Amino acid sequence: MSNSFDDMPFFDEEPGEMARKPQPPAAPAERAPVAGGGIAARAMAARDGGKRPDYLAGLNPEQTEAVETLEGPVLVLAGAGTGKTRVLTTRIAHILNTGRAFPSQILAVTFTNKAAREMKERIALLVGGAVEGMPWLGTFHSIGVKLLRRHGELVGLRSDFTILDTDDVVRLIKQLIQAEGLDDKRWPAKQFAGMIDTWKNKGLGPADIPEGDARAFANGRGRDLYVAYQARLSTLNACDFGDLLIHPIAIFRKNPDLLKEYHGRFRYILVDEYQDTNTAQYMWLRLLAQRPKGELQNVCCVGDDDQSIYGWRGAEVDNILRFEKDFPGAKVIKLERNYRSTEHILGAAAHLIAHNEGRLGKTLFTDRSDPDDAKVQVHASWDSEEEARAIGEEIEQLQRGKHLLNDMAILVRASFQMREFEDRFVTLGLNYRVIGGPRFYERLEIRDAMAYFRLVAQASDDLAFERIINTPKRGLGDTTVRALHDYARARDIPMLAAAADIIETDELKPKARKALFDVIQSFRRWQELLENTPHTELAEQILEESGYTDMWKNDKSAEAPGRLENLKELIRSMESFESMRGFLEHVSLVMDAETNENLDAVSIMTLHSAKGLEFDTIFLPGWEEGLFPHQRSLDESGRAGLEEERRLAYVGITRAKHRCHIWFVSNRRIHGLWQSTLPSRFLDELPVTHVEVAEMEQSYGGYGRGGYGQSRFDKAEPFANSYSTPGWKRAQANKTDATRDNWGTRSGHAVERIGYGESGPKGRTIEGELVAKSTSTEPSRFTLGDRVFHLKFGNGNITGIEGNKLTIEFDRAGQKRVLDGFVERA
DNA sequence: CTATGAAAATTTTTT
DNA sequence: ATTTTCATAG
């Protein structure tokens, strides 16, 4: 068997219009230059003129150094808002403009597709188009795909392999677990998928995983399962996300000659967000970047140890700390001049992050100092609903002040927090945009449609087959699918082929046989159309003829119209792709749909997806212990986890240019139960000089003196000062004008009723502590039928008691389950 | 094989 | 609390 790429022009995507040869000797495979007004020609002009190109103007000395130090390894430590992206893009523009390399000879790696897209756009602005010629700008994963499409055969993949997403992977693993005769409840497929992902992020194959890990799952059969999983992927001609990193590493290791060709290929390597590289990515990068002795290592990594927030995904901050060791003679450049935020915002962020140990230590500074700049504001609300309401009001106020919604963002710790804002904004009629929420391509109907497309484009995609063979219902249930599955596995053929075979036999009941026959006929027809029919047309035809659109048209549930709308949107989004295959590839890697920039809307997103962005006004809700810092982070990673959470807080604050509002609430609903919460310890770590407590009247000013938290945490008796917090103080301030009937209805002071925190019975004030205690053995202080009052729901009767959880039939709110600490006898 | 209702899980963050 | 998964009956 001959490897087809041996006799293929190796680097075939070189654009023919590319201008002159780059001055340092070009790679042998480059095509002959063609005259024209391309980048290199402009570069020649720039050089001949002897003038500094204007894209270098306006850079500060450090930035200039980072851009102009093109030879040898460079590490740029770029604090938040110091022009990191600008340095990267200008550096690339400079490389191109001085004719040092063709666009295709630059490897530029980013972390997200969004970052890659943005970088492409910005480079295009700098050099004037021609970024088409930068095929190697993308995420680690997308570049991994590119490599595998060329050289996948070296690890047993055909070039048309499919990329499985998390959902596919979990379903596949579930099958494997069941096939092993294991209980898939005791050993959840999802968990094992996570383990495999973790291993792959560390660059570990089945043979390399630690014994302990191998034993931890499925009665010690973890390793076997991993082997079986890889084998299954191989028969499916498929890859998971981790493989996109692992396979290229294996290929380069096993084929030094090939690696050498790529060394010649990539004259310049740039890596964004270096602090977030995991071990596999690091290995991958080292293979490409570490050249044989004597050769220059033109690698430039940009990062910020204070913004490392992906430790949970296997990112190793150590990579950035180790850079100088890995690349001796590396030049380290620190960017510390911040161009984004006011000094208050910067001051608050800096003071907070200073609580972390083990930093490289940068000090951001700005010389902007405007007495009008607002300090970072800390707000308190009674519960998360009021929080949403209050933030909504703040936003509307800004809007009245002619601020664009596009310049505001709400950054949450966990995505479940988004919902309340959405609800609120819908009622307000306030435009919002959720970024990175439930992804478009992850929706049921989209995934179904995609499965059809995948199966047409790739007949061996068994996962797609199983997904849609009985959607819409065709009378092909579990029994039939199981039979097909066994048949296919026994003969080692794809299920679609097995289906074609099996209808020739009498193994199936006539009914199923007929149904299957029809489906196969349809797929045969679509497959024939694949090459010659415009792909959007084909897509519509598939959804129509398969009965999939009809299925939703006949569905009278509330979401059906939306789903049909999404399907239309899907077809529309296919238009910008050349072919069905191109589209499928895009979707498997880029799970996010483009946002509509024309709409003025508030952005709602997680702190993680906010990295790299900036907004005029930032809202940071949910600064409470347990949520932020997240309990799980603390439990699983202890101090390291806390520090990562703190970095997350740092990232959040530094997204703000002018205004930063931090919120915390006293009560939050978790798993459907209202729990009382304590303000985040991060609030105590903010400096008094740059932070003020919003809406706190002078009379309560004392609390802001660097210590609204200290008492809370340091007192031996936590009850005493549980409410020496703004929320509580505000509650006090409001208690006089509060009545039972107006709670929740007015401008956000739903707090009133907690008024008698100090004098009232302890049982109510410190719910949190009581909950913790009474979960053990103490009998409830209530009995069935008791008449009780709840701050939020009003009066009601107890209809059920389970430990400290009460089921109460409220007069107004209906039946709810609440913790007994939240109610009092009426 | 499907429809119904009950039980269980969900909630960290992403390519 | 809501959503998803599972079990049972039709």
Side-chain angles (χ1 to χ4, degrees), chain A residues 109-116 138-145 163-166 169 174 184-185 188-191 194 197-198 200-201 239-246 273 276-278 280-281 308-315 384 411-420 423 435-439 441-442 444 470 472-481 509 511-512 515 559 587-592 605-611 622 626-637 641 644-645 647-648 651-652 668-675 805 807 813-818:
Chain A
V109 195
T110 62
F111 252 78
T112 61
N113 295 296
K114 201 166 64 183
T139 62
F140 276 102
H141 293 85
S142 65
I143 291 169
V145 175
I163 303 163
L164 304 185
D165 62 25
T166 325
V169 170
K174 192 167 181 177
D184 64 302
K185 283 213 191 109
K190 227 173 152 183
Q191 190 191 335
D197 196 52
T198 309
K200 289 191 175 174
N201 282 336
C239 260
D240 63 16
F241 278 123
D243 285 338
L244 300 179
L245 304 176
I246 296 270
E273 309 281 15
D276 286 333
T277 45
N278 61 36
Q281 289 163 331
S308 158
I309 54 177
Y310 285 105
W312 52 274
R313 207 173 81 185
S384 45
L411 311 184
V412 298
R413 175 67 245 271
S415 44
F416 76 87
Q417 291 173 264
M418 293 179 177
R419 207 184 146 155
E420 251 151 337
D423 287 351
I435 294 171
R439 320 276 191 85
Y441 291 112
E442 279 170 18
L444 178 82
N470 200 28
K473 301 273 187 283
R474 298 186 175 94
L476 298 167
D478 282 351
T479 331
T480 317
V481 172
K509 289 190 193 123
K511 236 179 168 177
E559 59 266 30
V587 171
S588 60
L589 288 173
V590 184
M591 296 294 282
D592 56 346
M605 66 187 98
T606 64
L607 285 159
H608 283 87
S609 47
K611 192 161 70 149
L627 177 59
F628 194 33
H630 200 282
Q631 194 57 49
R632 195 154 151 191
S633 197
L634 301 179
D635 291 347
E636 283 171 12
S637 317
E644 182 154 312
E645 295 287 304
R647 290 194 290 268
L648 206 44
V651 167
R668 192 171 287 278
R669 201 170 37 192
I670 296 164
H671 302 332
L673 286 174
W674 286 93
Q675 307 240 216
K805 292 173 197 164
T807 307
Q815 191 183 341
K816 303 274 178 194
R817 293 221 305 163
V818 295

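None of these values were measured; they are calculated from a predicted model. Every chain is numbered from 1, with letters handed out A, B, ... down the list of sequences. These values consider heavy atoms only, across backbone and side chains, with no hydrogens, waters or symmetry-generated copies.
- The distance between the ring centers of A/His608 and A/Trp312 falls below 6.0 angstrom.
- Checking B/dT2, B/dT15, B/dT14 against every side-chain atom of A/Phe241, the shortest atom distance belongs to B/dT15.
- If you take CG on A/Asn113 and OG1 on A/Thr139, they are separated by 5.0 Å, rounding to the nearest 0.5 Å.
- An OP1 or OP2 oxygen of B/dT14 is reached within less than 4.0 angstrom by a side-chain nitrogen or oxygen of A/Thr606.
- Taking the side chain of A/Arg669 as heavy atoms from C-beta on, and the options B/dT2, C/dA1, B/dT14, the nearest nucleotide is C/dA1.
- For the OP1/OP2 pair of B/dT14 and a distance below 4.0 Å, the side-chain nitrogens and oxygens of A/Asn201 include no atom meeting the criterion.
- Scanning for side chain to side chain donor-acceptor pair (under 3.5 Å) contacts around A/Gln191 gives an empty result, with sequence neighbours left out.
- Remark: A/Glu645 CD to A/Gln631 CD distance equals 10.0 Å, nearest 0.5 Å.
- The CD1 atom of A/Ile309 sits 11 Å away from the P atom of B/dT15 (whole-angstrom rounding).
- For A/Arg419, counting side-chain heavy atoms from C-beta on, the closest listed nucleotide (C/dT3, B/dC1, B/dT15) is C/dT3.
- With DNA chain B read from its 5' end, the first of the two nearest nucleotides for A/Asn470 and A/Ala414 is the one closest to A/Asn470.
- Applying the salt bridge (Lys or Arg N to Asp or Glu O under 4.0 Å) test to A/Glu420 and every residue at least two apart in sequence or in another chain returns nothing.
- B/dT13 and C/dT4 have their C1' atoms separated by 22 Å, given to the nearest Å.
- Distance CD (A/Glu420) to P (C/dT2): 12 Å, rounded to an integer number of Å.
- When the side chain to side chain donor-acceptor pair (under 3.5 Å) test is applied to A/Thr110, no partner is found at least two apart in sequence or on another chain.
- For A/Phe416, the listed nucleotide lying nearest its side chain is B/dT11; candidates were C/dA1, B/dT11, B/dT14.
- No engagement by A/Ser142 is indicated, since no non-hydrogen atom pair under 4.0 Å with the nucleic acid exists.
- For the salt bridge (Lys or Arg N to Asp or Glu O under 4.0 Å) test, no residue two or more places apart in sequence or in another chain qualifies with A/Arg474.
- Atom C1' of nucleotide B/dT15 and atom NZ of A/Lys611 are separated by 13 Å, given to the nearest angstrom.
- Listed nucleotides: B/dT2, B/dT15, B/dT14. Nearest to the side chain of A/His608: B/dT14.
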Review point. Just the dot-bracket of DNA chain B, please: which string comes out with Watson-Crick or G-U pairs under 3.5 Å, [ ] for crossing, | for another strand?
Key: ||||||||||.....

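- Rounded to whole Å, the C1' atom of C/dT3 lies 22 Å from the corresponding atom of B/dT14.
- Considering only the side chain of A/Lys473, B/dT2 comes nearest among B/dT2, B/dT15, C/dC6.
- Among the protein residues, A/Phe140 comes within range of no part of the nucleic acid, since none of its heavy atoms lies under 4.0 Å from any strand.
- The shortest side-chain heavy-atom distance between A/Phe140 and A/Asn278 does not fall under the 4.5 Å cut-off.
- For A/Gln417 and B/dT10, the CD to P distance is 19 Å, given to the nearest whole Å.
- When the C1' atom of B/dT14 is taken as reference, atom CG of A/Leu244 falls 14 Å away, rounded to whole Å.
- Comparing B/dT2, B/dT14, C/dC6 by their closest approach to the side chain of A/Arg313 singles out B/dT14.
- In this structure A/Asp240 satisfies the salt bridge (Lys or Arg N to Asp or Glu O under 4.0 Å) test together with A/Lys200, sequence neighbours excluded.
- Ring-to-base geometry does not place A/Phe111 in a stacked arrangement with B/dT15 (centre distance under 5.5 Å, plane angle under 30° required).
- The A/Ser415 side chain lies nearest to B/dT13 when the options are B/dT14, B/dT13, B/dT11.
- Between the P atom of B/dT15 and the CD1 atom of A/Ile246 lies a distance of 19 Å, rounded to the nearest Å.
- Within 4.0 Å of A/His630, counting heavy atoms only, lie sugar-phosphate atoms of the nucleic acid but no base atom.
- The nearest whole Å value for the distance from the CG atom in A/Leu627 to the C1' atom in B/dT13 is 12 Å.
- Between A/Glu645 and A/Thr480, the residue anchored nearer the 5' end of DNA chain B, judged by the nucleotide with its closest heavy atom, is A/Thr480.
- Between the C1' atom of B/dT11 and the CD atom of A/Gln675 lies a distance of 13 Å, rounded to the nearest Å.
- When distances are taken from the side chain of A/His141 to each of B/dT15, B/dT14, B/dT2, the shortest belongs to B/dT15.
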